[in-house]
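Written below as structure tokens is the structure these notes are about.
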Amino acid sequence: MTTLVASRRPVMTLYSGVSDPWSHRTRIVLYEKDIECQVVEVDPGKKPRELADLNPYNEMPTMVDRDLVLYGSNIINEYLDERLPHPPLMPVDPVSRAKARLMLMRFDRDWYSLLSDIESNDKKNAPRARTVLRDGLTVISPVFKEQPFVLGSEFSLVDCSLAPILWRLDYYDVDLPRQAKPLLDYAERLFSRKSFRLSLTEAERVLNAKK
Ligand SMILES: N[C@@H](CCC(=O)N[C@@H](CS)C(=O)NCC(=O)O)C(=O)O
């Protein structure tokens, strides 16, 4: 399925998985910035043949902007933030930018890396991965008593990166303890953004049983 973000003629194309959290990150960025983009919704079981020519990893998300082909959701998202600077989704000063990139890397290495084990439902690895994710999210929860978003008062690419996991907690069967309430309040702040609601595909809408 192909959908258009914004009504003007698109110059960019995003190959986006129907429900994977990496593609979801990039869709949130598209809608935050109201970017003209043709979104090609890809079922991972039926990938278009051109995807393998565009991306040696044959993965979603993959973005084409004229002659430029990008893959890796964080790389795509930073490119979009620089190409269409409003609203800015990264801090301005080098130290804060470096810290934001470090967080993006840590979310990938510490949490996104657990998702294949969780989805495998493997008897030993899935419960262990769920516990690591639950404990990690619980540890960062107190941050959201002090500030509305991960980096402080401003919504950023770091929030775009975390939101898809938070949306899928029911689907991943990860139960957060009571002390993670500030994190759950933060998740609600993210889910109520217009960009987040627009970013959801039909397949993703049903992944959060509470909504
Ligand atoms: N590190 C990549 C990960 C992307 C990724 O794992 N995408 C999955 C989504 S399902 C994919 O396309 N896997 C290949 C496949 O399903 O065949 C990113 O941040 O974009």
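Atoms within a ligand are numbered from 1 in the order they appear, just like the ligands themselves.
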Notebook entry, point to check: Can a cation-pi geometry be assigned to R25 and F107, taking NZ or CZ under 6.0 Å from the six-membered ring centre and within 45° of the ring axis?
Noted result: no

Check: With a 4.5 Å limit on heavy-atom distance, are the side chains of M103 and L151 in contact?
Finding: yes

Item checked: Residue pair Y186 / D159, side-chain heavy-atom distance below 4.5 Å -> yes

Heavy atom of the protein closest to [atom] (residue, atom name, distance):
atom	answer
atom 17 (O) of ligand 1	K47 NZ, 2.4 Å
atom 9 (C) of ligand 1	D20 CG, 3.4 Å
atom 18 (C) of ligand 1	S73 N, 3.3 Å
atom 11 (C) of ligand 1	E59 CG, 3.8 Å
atom 8 (C) of ligand 1	M60 O, 3.7 Å

Notebook entry, point to check: Counting N and O atoms only, with roles assigned by atom type, does the side chain of R205 sit under 3.5 Å from a partner on the main chain of L200, one being a donor and the other an acceptor?
Noted result: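 Looks like yes, one N/O pair under 3.5 Å.
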
Notebook entry, point to check: Just by distance, do the side chain of S199 and the backbone of R27 share a donor-acceptor pair under 3.5 Å?
Noted result: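 No: the side chain of S199 does not pair with the backbone of R27.
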
Next item on the list: Tell me which one of P21, P44, G17 gets a heavy atom nearest to atom 16 (O) of ligand 1.
Entry: P44

Notebook entry, point to check: If we ignore angles and hydrogens, is there a donor and acceptor under 3.5 Å between the side chains of Y15 and N55?
Noted result: no

Next item on the list: List every atom of ligand 1 that sits less than 4.0 Å from any heavy atom of P61, numbering the atoms from 1 in the order shown and giving each element.
Entry: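 Under 4.0 Å from P61, ligand 1 has these atoms: 20 (O).
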
Notebook entry, point to check: Got an N/O contact under 3.5 Å between N58 and ligand 1?
Noted result: no

